[in-house]
Each structure stands twice: as C-alpha cells, then as structure tokens.
Amino acid sequence: MAAGRLRFTSLLRTLSSPASASSAARRSSSFISPQHSRSYAAAAAPKEQKVKVPVTMFGLSGNYASALYIAAVKANALDKVESEISDLIEATTKSPTFSQFMKDLSVPADKRTRAIHVICEEAKFSDVTKNFLFVLAENGRLQQLENIAKRFTEVTMAHRGEVKAIVTSVIPLPPEEEKELKETLQDVIGQGKKVKLEQKIDPSILGGLVVEFSQKVFDMSIKTRARQMERFLRTPIDRI
C-alpha cells in the first residue's frame with residue numbers, strides 16, 4: 001500500500017506541474033524548442049490546495065483518473081480537461097490508424113512523445129491534458145487511455161452530483177417517454193443527485209427496456225420475459 005501511495009503521489013506531482021511535461025519531453029527527444037521549454041518552466045504553479053476525489057478509485061486506471069481530476073481541479077480547468085479527453089477518445093474511435101498508434105507498445109517512447117506533442121499543439125490542449133498525455137506516452141500507458149477516460153468520467157460525474165443511467169431499447173425512446181423515465185429515476189435516486197440518461201439501441205432484447213444505474217439492473221425486456229415464461233412452461237407441473 002505504501003508503494004502504491006508513493007506512485008500515486010509522484011504521478012500527481014507530474015500532472016500538476018507544467019514544467020514536468022516539458023522536462024520529460026526534452027529527455028525523450030529534442031523536438032521542443034528552447035523557447036517552448038522556457039515557457040513551460042516559467043509557468044506559475046497553481047496555488048496549493050487540498051482536493052478530495054469525490055469517489056474512491058482503484059487500480060492503475062483509477063490512480064491516473066484520480067490524479068488527473070486533482071490536477072484539473074487545482075488548475076480550475078476541469079470542464080476543459082474533460083472536454084479535451086472526450087475529444088481525444090472520439091478521435092481514436094474515428095481513426096483506426098490513430099487508435100493503433102495509441103495501442104502499439106512497439107512504438108519507441110521518443111516517437112510516442114513527439115506525436116503527442118504535435119497532437120496537443122494542434123488541438124491547443126491545456127497544460128493539464130498535455131502533461132497527462134506526456135506521462136502516458138513516456139510510461140507506455142497510451143493503450144490505457146480509454147479505460148482511464150471512463151474512470152475520469154465517473155469522477156467528474158460524482159463531482160457534479162450526477163448519476164449515470166443507461167436505458168437499452170429496441171428503438172430510441174420518444175422525448176415524452178425519455179422525460180418520464182428520467183423523472184421516475186430521479187424520484188428513485190432522490191434529491192441531491194442528478195440523473196444523466198444515456199440511451200443504447202439493442203434489437204436483440206426484442207422490446208421493452210433494460211435500465212442500469214447505481215450498480216442496479218432492471219430488466220423489463222421482452223427477451224427476458226420470454227425466457228422466464230419458457231422456464232415456467234418447462235417446469236414439471238408437480239413442481240409448480
């Protein structure tokens with residue numbers, strides 16, 4: 001446990017310091033100009049403050065997500081960092097080449113870092129996001145970005161008091177039904193939390209709904225009902 005805390009502390013310091021990423025990049029290659037390096041080093045460190053992660057995270061992806069959250073809050077850039085990470089994940093889904101690059105462990109660290117630098121400059125990412133990606137690139141963890149992003153979303157939702165509810169249906173819910181379902185879930189969850197509804201389409205459930213939230217699953221699909229009916233019909237009469 002002590003070793004884990006030390007690794008987390010080291011990671012947090014790296015993400016929180018604008019100078020860290022430039023130093024890491026300079027060690028890996030010479031693609032960053034002296035002027036760019038000095039601008040990183042001269043950047044004022046954010047005022048030290050204690051930030052508590054609103055939900056406990058475990059594992060590698062959890063540690064990275066927690067450290068990213070703390071760094072973003074300290075820099076007063078949580079919304080911007082969340083948007084940037086989301087854009088990057090979307091880019092990996094749209095570009096097979098970029099996705100392969102992110103997952104290819106055979107790519108040398110200097111090339112990974114060089115590519116991340118170009119991406120960050122073109123996208124005009126914040127320092128927190130730049131540092132985060134530099135750390136992943138240098139540590140060979142870019143293939144974990146999607147998992148880390150999911151955990152980061154969990155943290156930011158908890159920060160805003162949001163509860164994610166996933167509703168699966170055969171076709172998209174009409175606006176009226178979506179509103180009614182959201183209000184029902186809001187009543188179940190109670191005050192102080194805000195329902196964030198995500199719709200998924202799955203024709204295999206045949207009809208009805210499957211609702212997932214707060215580690216609960218309410219399966220009201222026709223597929224499940226049909227299976228229950230089938231089991232009932234197959235049960236010998238003397239066991240009913």
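- The CG atom of Asp79 sits 11.5 Å away from atom OG of Ser126, with the distance rounded to the nearest 0.5 Å.
- The shortest side-chain heavy-atom distance between Phe58 and Asn63 does not fall under the 4.5 Å cut-off.
- Cluster partners of Leu185, by chain and number: Val163, Val167, Leu173, Leu181, Val188, Ile189, Val195, Leu197, Leu209, Val211, Phe213, Phe218, Met220. The rule joins Ile, Leu, Val, Met, Phe, Trp and Tyr whenever side-chain heavy atoms lie under 4.5 Å apart.
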Apply side-chain contact (heavy atoms from CB on, under 4.5 Å) to the pair Thr92 and Phe101, showing each step before the final yes or no.
-> CA-CA 9 Å; Thr92 62; Phe101 162 75; over 6 Å; no

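- Heavy atoms only, all atoms of each residue included: Cys120 and Leu133 are closest at SG-CD1, 3.8 Å.
- Considering only residues two or more places apart in sequence or on other chains, Val170 meets the side chain to side chain contact (heavy atoms under 4.5 Å, CB included) condition with Ile205.
- Residues Phe125 and Lys130 approach most closely at O-CE, 3.0 Å, considering heavy atoms.
- In terms of the side chain to side chain contact (heavy atoms under 4.5 Å, CB included) criterion, residue partners of Ala137 (sequence neighbours excluded) are, by chain and number, Arg112, Thr113, Ile116, Leu142.
- Every residue two or more places apart in sequence or in another chain that forms a side-chain hydrogen bond (donor to acceptor under 3.5 Å, both in side chains) with Gln199 is listed here: Glu178.
- The side-chain hydrogen bond (donor to acceptor under 3.5 Å, both in side chains) test applied to Asn76 returns no partner, not counting sequence neighbours.
- Legend: residues meeting side-chain hydrogen bond (donor to acceptor under 3.5 Å, both in side chains) with Glu82, ordered by chain and number and at least two apart, are Thr156, Arg160.
- Using bins of under 30°, 30° to 60° and over 60° for the plane-to-plane angle, the ring pair Phe134/His117 lands in the parallel bin.
- Remark: side-chain polar atoms of Gln143 are not paired, donor with acceptor, to backbone N or O of Leu105 under 3.5 angstrom.
- Within the 4.5 Å cutoff, the side chain of Leu68 has no heavy atoms near those of the Thr129 side chain.
- Screening residues 179-194 for salt bridge (charged side-chain N to carboxylate O under 4.0 Å, His left out), with sequence neighbours left out, gives no hits.
- Residue pairs meeting the salt bridge (charged side-chain N to carboxylate O under 4.0 Å, His left out) criterion with at least one member in residues 195-209, sequence neighbours excluded: Lys164-Glu198.
- With rounding to the nearest 0.5 Å, the separation of OG1 in Thr168 from CG in Asp219 is 9.0 Å.
- Every pair tested for salt bridge (charged side-chain N to carboxylate O under 4.0 Å, His left out) that includes a residue from residues 95-104 fails, sequence neighbours excluded, so the list is empty.
- Thr153 contributes a side-chain N or O that, together with a main-chain N or O of Ala149, makes up a donor-acceptor pair within less than 3.5 Å.
- Side-chain heavy atoms closer than 4.5 Å link hydrophobic residues (I, L, V, M, F, W, Y) into clusters, and following such links, possibly through other members, connects Val55 to Ile70.
- Between the side chains of Ser86 and Ser83, no donor N or O sits under 3.5 Å from an acceptor N or O.
- Taking 4.5 Å as the limit, every side-chain heavy atom of Asn147 sits out of range of all side-chain heavy atoms of Tyr64.
- In this structure, the side chain to side chain contact (heavy atoms under 4.5 Å, CB included) partners of Lys223, at least two apart in sequence or on a different chain, are Ser204, Leu206, Ser221, Arg227.
- Pairing each heavy atom of Gly62 with each of Arg151, the nearest pair is N-NH1, 4.1 Å.
- In this structure, Met102 and Ser99 have side chains that are not in contact, with every pair of non-hydrogen atoms separated by 4.5 Å or more.
- In terms of heavy-atom proximity, Val81 sits nearest to Ala72 at CG2-CB, 4.0 Å.
- To the nearest 0.5 Å, atom CD1 of residue Ile148 and atom CG of residue Leu60 are 6.0 Å apart.
- Both Leu136 and Ile89 are members of a single hydrophobic cluster when ILVMFWY side chains are connected at heavy-atom separations under 4.5 Å.
- In this structure, the side chains of Leu145 and Phe152 stay at 4.5 Å or more apart for every pair of heavy atoms.
- Among pairs with a residue in residues 85-98, those fulfilling salt bridge (charged side-chain N to carboxylate O under 4.0 Å, His left out) read Glu90-Lys94, at least two apart in sequence or across chains.
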Going through the distances and angles, do Glu212 and Lys216 end up as a salt bridge (Lys or Arg N to Asp or Glu O under 4.0 Å)?
-> CA-CA 6 Å; Glu212 305 170 63; Lys216 299 181 180 69; over 6 Å; no

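- Residues passing the side chain to side chain contact (heavy atoms under 4.5 Å, CB included) test with Pro96, sequence neighbours excluded: none.
- Counting heavy atoms from C-beta outward, Val155 and Pro54 have side chains that approach closer than 4.5 Å.
- For Glu146, the CD atom sits in a loose shell: 12 or fewer heavy atoms of surrounding residues, nucleotides or ligands are nearer than 6.0 Å.
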For the pair Val128 and Lys80, evaluate side-chain contact (heavy atoms from CB on, under 4.5 Å) and give the outcome as yes or no after the intermediate values.
-> CA-CA 10 Å; Val128 173; Lys80 181 172 178 56; over 6 Å; no

